[in-house]
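Notes follow once the structure below has been shown.
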Amino acid sequence: MPRDSDVIQFIDIPGNCTIRIYSLQGNLVKTIHHNDGTGSAKWDQISNYGQFAESGVYIFHVIDNNTNAATKGKFAIVK
């Protein structure tokens, strides 16, 4: 079970967007459908398959569901 310190927060994002998180190998790790109207979303580091994310570098891709504008970036998980 993830602890509060395990949560990754995405901030300054559209209130209605889709966040996809990929491994550096290009494997989809998690899809987050964010639609609560706020500018932030949390990820508990649990993958789409129920596994805890491992240490490593990940790529995120955010698509605004209203305008289709996209943003991408990288982050690292260190345990």
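One-based numbering along the sequence shown.
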Just to verify, which of Thr38, Thr67, Asn65, Val62 counts as forming a side-chain contact (heavy atoms from CB on, under 4.5 Å) with Pro14?
Val62
Working note: Ile8 + Ile77, criterion side-chain contact (heavy atoms from CB on, under 4.5 Å); need CA distance, chi angles, decisive distance, verdict.
CA-CA 9 Å; Ile8 293 174; Ile77 295 176; 3.9 Å; yes
Shortest non-hydrogen separation from His34 to Ser40 and the atoms involved:
CE1-O, 2.9 Å
Leu24 atom CG: more than 12 heavy-atom contacts under 6.0 Å:
yes
Checking Asn35 against Asn16: is there a side-chain donor and acceptor pair closer than 3.5 Å?
no
Before you tell me yes or no, could you show the steps for Val29 and Asn48 under side-chain contact (heavy atoms from CB on, under 4.5 Å), namely the whole-Å CA-CA distance, both residues' side-chain angles and the distance that decides it to 0.1 Å?
CA-CA 6 Å; Val29 175; Asn48 286 338; over 6 Å; no
Does atom CG (Asn27) have a neighbourhood of more than 12 heavy atoms from anything else shown, all under 6.0 Å?
yes
Within the 4.5 Å heavy-atom criterion, are Lys79 and Gln45 side-chain neighbours or not?
yes
May I ask whether Ile19 and Trp43 are part of the same hydrophobic cluster, defined by side-chain heavy atoms of I, L, V, M, F, W, Y residues being less than 4.5 angstrom apart, directly or through others?
yes
Is the distance between the ring centroids of Tyr58 and Tyr22 less than 6.0 Å?
no
The criterion is side chain to side chain donor-acceptor pair (under 3.5 Å); which residues satisfy it with Thr31, sequence neighbours excluded?
none
Is it possible for you to say whether Phe75 and Ile32 belong to one hydrophobic cluster, with membership spreading through side-chain heavy-atom contacts below 4.5 Å?
yes
What do the steps show when you test Arg20 against Leu28 for side-chain contact (heavy atoms from CB on, under 4.5 Å), and what is the final call?
CA-CA 7 Å; Arg20 288 187 177 86; Leu28 180 63; 4.0 Å; yes
If you take all heavy atoms of Phe52 and Asp44, which pair is closest and at what distance?
CE1-O, 3.7 Å
Does the pair Phe10 and Ile21 meet the rule for a side-chain contact (heavy atoms from CB on, under 4.5 Å), with working shown?
CA-CA 11 Å; Phe10 296 90; Ile21 302 167; 3.8 Å; yes
